[in-house]
Structures are given as structure tokens and as C-alpha cells.
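Have a look at the structure below before the remarks.
All ligand and atom numbering here is 1-based and tracks the order in the structure.
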Amino acid sequence: MTDGPANVPQKVPHHVAIIMDGNGRWAQQRGLSRLKGHEQGAESVRAVMKGARNHGVRILTLYAFSVENWSRPAAEVNGLMNLLPRFLRKHEHLLHENGTRLRAIGRLNDLPANTRKDLFRVMADTEAYTERQLVLALSYGGRAELTDAVRALARKVKAGELDPEAIEPETFAGELYAPDLPDPDFMIRTSGEQRISNFLLWQLSYAELYFAPELWPDFREEQFAEAMRVYAGRQRRFGGVASC
Ligand code: FPP
């Protein structure tokens, strides 16, 4: 809980995860290429980073590219792979100004070298910041992450370093892509679709879910503020009873 101006909700999620859906539909409605929709979507990323900072959200995780997205037409995949480094070069100053550490989760080795280059450079340049974190899910899939975690545990068991009976939920969580991150408190999905689509399957167990009707390129600071108001009105129980 934070004290803030009267128009800012008092209960603020520490970690917000977002499925940025609807870029393609936004472009289609305007007779534009899908890539134009992603470019406008990148503007929403900038707006939501600002909104998150203003509301006191400390961690923002964005589903930028899923393992399933590799099956899209090559032109769209290439466009997205070029958009990310362009976005990072244009906006990395914001990360420095706001003390934001950039991180990435997913099968990052799948990304083309030029995408990885700027991504890893900006991650290294912002590594020391502790105030805020921007986490990009890239070539990410929840089932892939869980599978990778199982493989890591199995390797330890095989090497005789781990007793299977000693595996607890915390042991498992320790093998996820960013094990130090707290679970998201709030998950937003845009475009009216009400699905999780293989996003953070383990980490979203107790998250509050919010489905916004706007397509992602139309989801800006005002829509983010509305989502924050909705979160402030939610009562979280984590399987227990309400505390007050
Ligand atoms: C889903 O919309 C969106 C994506 C697959 C890509 C998300 C990428 C961005 C928002 C831009 C770049 C991101 C960063 C971090 C700079 P969709 O294409 O599935 O839309 P549709 O369901 O309407 O077809």
C-alpha cells in the first residue's frame, strides 16, 4: 500500500504482467500491414512503461513474442525481430532515467543475432538498477519454461545432486527463467480475448486477471490507469479468507 495523490489508487500491484493482444486487428481495421500494428503497439509499450512508473508499479512483464509466434509469416517475424532493437535504441534513455533494469525471459538463443545484440547490451547496461524492472518475454512459452525447469531438475537428480523426494514447489520455482522475480499480482490482457495463452503458467497461479476491451495499440496511459483502479478494488485471498 502506498500513500499517493487522491486520484491515484492506494493498492498498487507490485508486479504487472501483460498480454499485448490485438496489434494485427488494429492494423486490419485501418487497411494497414500487421507490422504497422506492431509499431503502434510499441508506442503503447512506451505509454504503459510511463503509466506503470507513475502508479508505482515496480515490475512490468510484457509478452512480446511467444514460442508459437515463430509460425507467423516470415515478413511479420522479421519485422518484429527488427522492431525490438529499434525500440530499445530509441527508448533506452527512459530505462536509465527511471532506474529500470531490462531483463528477458524465454528461449533467448532462438532470437536472431542482431536482436540479441541490442537486447543483451541494454540488459548489461541497466543491470545495476534496482528501482524498477522491465521484463520482456521473448520466444517465451509457459510450457517450454516448465519443460526447461523439469529438464534442469532431472539433470541434477541424474548427477546425484538432488533427491527427488526433496523437490518442493520452491525447488521447482528456482529453475524458472527468472527465479528471483516475485509472481505477478495482476495480469492484463487486451483485445477482449479471455485466455492466458501459455503465459507464465506457474507464476500466474494467484494473479488477479483483467481483460481490457481495447486493442493493444489503443491501450495507453488512460486505459492503464483504469486497470489500476480495477486492481485497487479487488480483494485477494490466496486461498484463505478475506483479511478485512
Ligand atoms: C499480439 O497481437 C502481439 C504480438 C504478437 C507482438 C507484440 C509486440 C509488440 C507490442 C511490439 C513490440 C514490443 C516491444 C517490447 C517493443 P496480434 O498480432 O496477435 O494481434 P491480433 O490477435 O489482432 O492478430
Reference residue L176; test side-chain contact (heavy atoms from CB on, under 4.5 Å); the match among D148, L146, L181 | L146
Do any nitrogen or oxygen atoms of R34 lie less than 3.5 angstrom from nitrogen or oxygen atoms of ligand 1?
-> yes
Check whether any heavy atom of L62 sits under 4.0 Å from an atom of ligand 1.
-> no
Contacts of F120 that satisfy ring-ring contact (aromatic ring centres under 6.0 Å, His included) - sequence neighbours left out | none
Return the residue, atom name and 0.1 Å-rounded distance of the protein heavy atom closest to atom 15 (C) of ligand 1.
-> L136 CD2, 3.8 Å
Working to the nearest 0.5 Å, report the span between CZ of R116 and CG of D110.
-> 9.0 Å
Hey, which atoms in ligand 1 end up nearer than 4.0 Å to a heavy atom of F87?
-> 16 (C)
W70 versus S139, side-chain donor and acceptor atoms under 3.5 Å = yes
Side-chain donor-acceptor pair present, D185, H14, cut-off under 3.5 Å = no
Which of the atoms in ligand 1, numbered in the order shown and given with their element, are less than 4.0 Å from a heavy-atom of A64?
-> 6 (C), 7 (C), 8 (C)
Would you check if there is a donor-acceptor pair between the side chains of Y231 and E208 at a distance under 3.5 Å?
-> no
Below 3.5 angstrom, do we get any N/O pair linking R25 and ligand 1?
-> yes
Provide, to 0.1 Å, the distance between atom 12 (C) of ligand 1 and the closest protein heavy atom, together with that atom's residue and name.
-> L83 CD2, 3.8 Å
Name the closest protein heavy atom to atom 10 (C) of ligand 1, giving the residue it belongs to and the distance to 0.1 Å.
-> N23 ND2, 3.4 Å
Only counting residues at least two apart or in another chain, list the ones meeting side-chain contact (heavy atoms from CB on, under 4.5 Å) with R101.
-> R103, T126, E127, Y129, Q133
With heavy atoms only and a cut-off of under 4.0 Å, state how N69 meets ligand 1: side chain, backbone, both or neither.
-> side chain
Could you tell me the residue and atom name of the protein heavy atom closest to atom 1 (C) of ligand 1, and the distance to it rounded to 0.1 Å?
-> M20 O, 3.1 Å
Heavy atoms of other groups near E68 CD, more than 12 under 6.0 Å | yes
Do the side-chain N and O atoms of N198 and R143 include a donor-acceptor pair separated by under 3.5 angstrom?
-> no
May I ask which of E43, Q40, R72, E68 has a heavy atom nearer to atom 18 (O) of ligand 1 than the others do?
-> R72
Closest protein heavy atom to atom 11 (C) of ligand 1, given as residue, atom name and distance to 0.1 Å = H38 O, 3.5 Å
Considering heavy atoms of the protein only, find what lies nearest to atom 14 (C) of ligand 1 and give residue, atom and distance to 0.1 Å.
-> V45 CG2, 4.1 Å
Give the numbers and elements of all ligand 1 atoms closer than 4.0 Å to a heavy atom of G24.
-> 17 (P), 18 (O), 20 (O), 21 (P), 23 (O), 24 (O)
Hey, does the side chain of Y63 reach the backbone of L136 with a donor-acceptor pair shorter than 3.5 angstrom?
-> no
Quick note on ligand 1: atoms under 4.0 Å from a heavy atom of W216 include exactly 10 (C)
